[in-house]
Amino acid sequence: MPVRKIIEIDEERCDGCGACIPSCAEGALEIIDGKAKVVRDMYCDGLGACLGACPQDALRIIEREAEEFDEEAAMEYVRQKQEAREPQKPLGCGCPGSAAASFEPAAAPKGEAVEGGASPSALSHWPVKLKLVPPEAPFIQGRDLVLAADCAPVALAGFNPNILEGKAVLIACPKFDDAQAHYEKLKELFAKAKPRSVQVLRMEVPCCTGLSAMAHQAAREVGADFEVEDVVITRKGDMKKEPAEALL
């Protein structure tokens, strides 16, 4: 077996954020058991396109014995993964809960207290999960979008009145969801929906930086004419904007 350059992952540094996944066009990297792994040596070209994407600096190029890089096999593997992600046909009974719909946000009752002291919801569409929202959905066309990590709306008490009002929202988890699938979906969505703006709302924990990385790279890939704004939510519910350079 030849000695060649190949990616090595420091498992102690890696937090499984998935930011490196979209940078690997050959599909050599996957998140397995919460850590980035090289799924097979023959899929890694050893050029290091993924290095700068890791916020934890857990990736490096080394030289060791490894299978020769096989571009044809790598592209076939990528194709198979993409086919596996194609939406499955709905069950015979259907699932009305996943049907796309737009509606007017809830209005505050006049002269009456809201039950439980809750504020009315600013949500204007369904579904909200990134993997369920069709890129052609009318409610995201030309809209201001909020791409929120799953945990962010829970941590941020003012999510509805301060963030969501007047915007469409997409929810995703950069750590436990399929990072490559999210990246491909964002590219298609940005290209077809042509949003007016995109705001990424993520948690302060390192693994959440993957969501911002996906959004920035997808926007660059499709030549988007909007800026991706990053807003970081602390575990105590504080909110702060973060410059894009912080991800580099």
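Since this is a predicted model, take the numbers as computed values, not measurements. Computed from heavy atoms alone, side chains included, the values below leave out hydrogens, waters and symmetry copies.
The shortest non-hydrogen separation linking Cys207 to Cys17 is O-CB, 3.0 Å. The shortest non-hydrogen separation linking Asp144 to Ser197 is OD1-OG, 2.6 Å. In terms of heavy-atom proximity, Ala25 sits nearest to Val78 at O-CG2, 3.5 Å. Between Leu211 and Pro174, the shortest heavy-atom contact is N-CB, 3.5 Å. Annotation for Pro135 and Lys185: closest pair CD-CE, 3.8 Å, computed over non-hydrogen atoms. Contact detail for Ala152 and Met203: the closest heavy-atom pair is CA-SD, 3.7 Å.
Salt bridge status for Lys37 with Glu11: present, with a side-chain N to carboxylate O gap under 4.0 Å. Here Lys129 pairs with Asp150 in a salt bridge; the nearest charged N to carboxylate O distance falls below 4.0 Å. Between Arg79 and Glu76, at least one side-chain nitrogen of the basic residue sits less than 4.0 Å from a carboxylate oxygen of the acidic one, meeting the salt-bridge criterion.
Residues Gln56 and Pro206 meet the side-chain proximity criterion, which asks for heavy atoms closer than 4.5 Å. No side-chain heavy atom of Leu186 sits under 4.5 Å from any side-chain heavy atom of Gln217. Between Leu59 and Arg13, the closest side-chain pair of non-hydrogen atoms is not below 4.5 Å. Counting heavy atoms from C-beta on, the side chains of Ile32 and Val39 come closer than 4.5 Å. Looking at heavy atoms from C-beta onward, Glu68 lies out of side-chain contact with Met42 at the 4.5 angstrom threshold. Looking at Leu29 and Cys50, their side chains come closer than 4.5 Å, going by heavy atoms from C-beta outward. Considering only heavy atoms from C-beta on, Tyr43 stays 4.5 Å or farther from Asp70 through its side chain. Side-chain contact between Phe190 and Pro195 is present, with heavy atoms from C-beta onward closer than 4.5 Å.
No donor-acceptor pair closer than 3.5 Å links the side chain of Asp238 to the backbone N or O of Thr234. A donor-acceptor pair is defined here as one N or O able to donate and one able to accept, closer than 3.5 Å; such a pair exists between the side chain of Asn160 and the backbone of Ala122. The backbone N or O of Met1 lies less than 3.5 Å from no partner atom in the side chain of Glu67, so there is not a single donor-acceptor pair. The closest donor-acceptor contact from the side chain of His125 to the backbone of Pro127 lies under 3.5 Å. Although no hydrogens or angles enter the test, the distance criterion places a donor-acceptor pair under 3.5 Å between the side chain of Gln141 and the main chain of Ala137. Lys194 places no side-chain N or O within donor-acceptor distance of the main-chain N or O of Ala224, the cut-off being under 3.5 Å.
By the 6.0 Å contact criterion, CD on Glu71 is open, its count of non-hydrogen atoms from other residues, nucleotides or ligands being 12 or less. Counting non-hydrogen atoms of other residues, nucleotides and ligands closer than 6.0 Å to CD of Glu227 gives a total of 12 or fewer.
Screening Lys5, Arg64, Arg4 against Asp41 for a salt bridge (Lys or Arg N to Asp or Glu O under 4.0 Å) leaves a single residue, Arg64. Between Arg202 and the options Leu147, Val231, Thr209, Ile233, a side-chain contact (heavy atoms from CB on, under 4.5 Å) holds for only Thr209.
The CZ atom of Arg196 sits 12.5 Å away from the CZ atom of Phe226 when rounded to the nearest 0.5 Å.
When hydrophobic clusters are built by joining Ile, Leu, Val, Met, Phe, Trp and Tyr residues whose side-chain heavy atoms come closer than 4.5 Å, directly or via intermediates, Leu130 is grouped together with Val198. In the hydrophobic clustering of this structure, Ile21 groups with Leu51; members are Ile, Leu, Val, Met, Phe, Trp, Tyr whose side-chain heavy atoms approach within less than 4.5 Å, directly or through other members. One hydrophobic cluster, built from ILVMFWY side chains closer than 4.5 Å, holds both Met239 and Val169.
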